[in-house]
Protein chains: 2
Amino acid sequence: MLVTRPPSISEQVDAILRARIREGIYVPGDRLPSESELSLEFGVSRATIRNVLGMLAAEGLILRKQGDGTYLNRRIQEVNTHSGGLWEFSRLIESSGHQSTIQPQQTEKRPATSEEAEMLSLEAGEEVLVLKRLFRADGRPVILATNVVPAGFIHTDPARLDTRLQIREFLMRYCRRKIAYVITDVRSGLLDEDAARFLEGEPGNPLLVLRTFFYDSDNRPLAFGHSYYDDRVLRLRLVQAWG
Amino acid sequence: MLVTRPPSISEQVDAILRARIREGIYVPGDRLPSESELSLEFGVSRATIRNVLGMLAAEGLILRKQGDGTYLNRRIQEVNTHSGGLWEFSRLIESSGHQSTIQPQQTEKRPATSEEAEMLSLEAGEEVLVLKRLFRADGRPVILATNVVPAGFIHTDPARLDTRLQIREFLMRYCRRKIAYVITDVRSGLLDEDAARFLEGEPGNPLLVLRTFFYDSDNRPLAFGHSYYDDRVLRLRLVQAWG
DNA sequence: AAGTGGTCTAGACCACGAC
DNA sequence: TCGTGGTCTAGACCACTTA
């Protein structure tokens with residue numbers, strides 16, 4: 001079913017370079033081989049190498065200096081949003097150096113509220129599937145995430161759904177929908193009584209509230225999420241490369 | 001002095017396309033001309049066109065559909081972090097549709113605290129320049145930003161500094177330093193008494209706290225900032241394109 | 001079948017930094 | 001001066017969507 005197309009040349013080069021960084025073959029502060037050397041070594045064109053390096057640079061993983069060379073950023077470990085996904089909580093937790101666990105708390109199918117109906121372009125009263133899940137970092141609860149998906153999207157027997165999947169994987173597998181882009185609202189909020197039962201903390205504590213909207217390439221809303229993010233435990237840290 | 005190199009071909013194409021979007025020549029939801037058509041129209045190679053479109057797509061401004069075409073995102077107006085800069089507050093405010101004003105509150109030169117010294121790789125007691133500024137959106141105070149720069153970086157007579165400059169421009173003009181990348185910590189916090197004097201609000205209100213670290217391409221810290229961001233007035237909204 | 005975007009190549013020339 | 005990354009070209013072929 002899910003056709004797994006072979007990895008492209010760029011993806012392979014990307015994987016190799018990331019592996020070398022991970023395994024310490026390239027050490028933070030190191031100067032990497034030049035683009036021409038890499039293109040010779042891998043037997044690919046320089047344009048392909050540049051494409052890959054461009055992505056690594058955009059993540060802040062490497063620093064490129066015209067006339068000099070390409071260097072491995074000394075501060076890679078400080079950042080947890082490499083490759084961007086602010087909404088892929090498991091990866092966020094793991095790339096912060098913690099062990100991530102997902103704990104489904106509640107899965108219910110119910111009519112959409114009017115607010116939900118509007119955000120998901122549904123008729124009032126159409127059903128939605130609501131997934132409430134708790135993410136833990138090294139056992140400590142950090143994120144309480146609620147995701148809402150139109151029930152009409154789901155082609156699978158509800159009893160067979162794996163509610164531990166990432167939302168992206170969930171939409172792909174059960175709804176055959178591909179996320180094209182995501183809009184995330186970052187707001188501050190206070191821990192309410194309900195959320196305090198899940199996240200260890202006292203009601204009234206400040207925390208981050210993320211509202212996430214998922215769309216496909218036709219601008220159709222696929223899902224949205226509402227998450228409480230305990231920033232005392234897990235930093236929300238973004239890198240942005242300039243130029 | 002500041003050499004202003006002529007805009008590259010990509011920059012020109014980029015400017016033209018953004019202008020067409022801004023002026024409504026391309027309307028949200030529209031299908032843009034194909035890459036080949038654009039490359040013919042502008043007399044540049046398709047690779048150059050793709051380079052520019054790639055950036056617009058990364059910002060979520062356009063959506064590209066293989067086998068179909070390129071479409072202008074219907075939700076462009078909802079997003080205020082196009083081209084990324086979470087720390088360029090004026091642009092953030094203006095691309096949210098507000099009029100932005102900067103109000104310098106205080107400029108002082110003093111020895112670095114031990115925390116500042118460590119973050120900026122300074123010796124204890126070295127001097128720093130502290131800029132405290134208030135950003136307003138349509139007159140309403142939204143961001144209280146404090147930026148700390150090593151005083152030794154500054155080559156200009158302190159009395160002649162323009163304290164209304166963006167931090168990027170400030171570092172470039174007075175310190176001849178180029179920001180290579182920026183790390184931003186987004187945290188939740190409570191309005192304290194001092195900040196409440198500047199931002200209209202009561203102490204104890206939740207708000208966003210941004211801590212921003214600026215580095216050059218040698219990994220040297222250039223500056224850091226501590227900002228109170230009133231998210232009731234201005235949304236902090238990120239787009240991330242998938243794939 | 002035709003046209004779109006996605007990937008990749010093999011060159012060229014330029015701007016810049018270190019030596 | 002030499003090697004680096006930055007820009008740009010003119011092609012080729014593939015994957016995909018639409019008709």
Side-chain angles (χ1 to χ4, degrees), chain A residues 2-17 30-58 61-73 176-178 180-181 216-218 220 241-243, chain B residues 2-17 30-58 61-73 176-178 180-181 216-218 220 241-243:
Chain A
L2 275 180
V3 276
T4 46
R5 74 171 195 310
S8 69
I9 294 181
S10 299
E11 286 168 338
Q12 296 177 50
V13 171
D14 182 270
I16 293 173
L17 292 179
D30 265 8
R31 178 175 170 157
L32 302 194
S34 74
E35 299 178 349
S36 333
E37 284 170 332
L38 288 173
S39 95
L40 277 176
E41 179 188 349
F42 295 131
V44 304
S45 79
R46 194 183 147 214
T48 303
I49 295 291
R50 278 188 64 74
N51 182 30
V52 174
L53 292 182
M55 294 190 299
L56 299 181
L61 218 52
I62 59 173
L63 299 169
R64 310 164 92 184
K65 302 167 72 173
Q66 189 175 42
D68 184 351
T70 300
Y71 293 82
L72 191 51
N73 193 335
R176 316 256 160 200
R177 313 256 176 173
K178 252 178 77 176
Y181 69 101
D216 71 6
S217 64
D218 288 318
R220 280 185 303 236
W242 206 87
Chain B
L2 275 178
V3 277
T4 46
R5 75 173 196 309
S8 68
I9 296 181
S10 298
E11 285 168 339
Q12 295 178 51
V13 171
D14 182 271
I16 294 173
L17 292 179
D30 264 9
R31 178 173 167 159
L32 302 193
S34 74
E35 299 178 349
S36 334
E37 284 172 332
L38 288 173
S39 95
L40 277 177
E41 180 188 350
F42 295 132
V44 304
S45 80
R46 197 187 144 209
T48 303
I49 296 291
R50 278 188 63 75
N51 180 30
V52 175
L53 293 182
M55 294 189 301
L56 299 181
L61 217 54
I62 59 173
L63 299 168
R64 311 166 90 182
K65 302 167 72 173
Q66 188 177 37
D68 184 351
T70 300
Y71 292 82
L72 191 52
N73 194 334
R176 316 260 159 192
R177 313 257 174 173
K178 251 178 77 178
Y181 69 102
D216 72 6
S217 64
D218 288 317
R220 279 185 302 237
W242 206 87

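Chain identifiers are assigned alphabetically (A, B, ...) following the order of the sequence lines, protein sequences preceding nucleic acid strands; residue numbering begins at 1 within each chain.
Using a 3.5 Å distance cut-off with no hydrogens or angles, the side chains of B:Tyr181 and A:Asn73 do pair a donor with an acceptor. Under the 3.5 Å distance criterion, with hydrogens and angles disregarded, a donor-acceptor pair is assigned to the side chains of B:Ser45 and B:Thr48.
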Q: Scan nucleotides 2-12 of chain C nucleotide by nucleotide, 5' to 3', and note B when protein non-hydrogen atoms come under 4.0 Å of the base, S if they reach only the sugar-phosphate, - if neither.
A: -BBBBBSB--B
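The backbone N or O of A:Arg50 sits nowhere less than 3.5 Å from a side-chain atom of A:Glu35 that would complete a donor-acceptor pair.
Applying the salt bridge (Lys or Arg N to Asp or Glu O under 4.0 Å) criterion to B:Asp30, with sequence neighbours excluded, gives no partner residue. With sequence neighbours left out, the side chain to side chain contact (heavy atoms under 4.5 Å, CB included) criterion links A:Thr70 to A:Leu32, A:Ile62, A:Arg64.
In this structure, A:Tyr71 places its OH atom 16 Å from P of D:dG3, rounding to the nearest Å.
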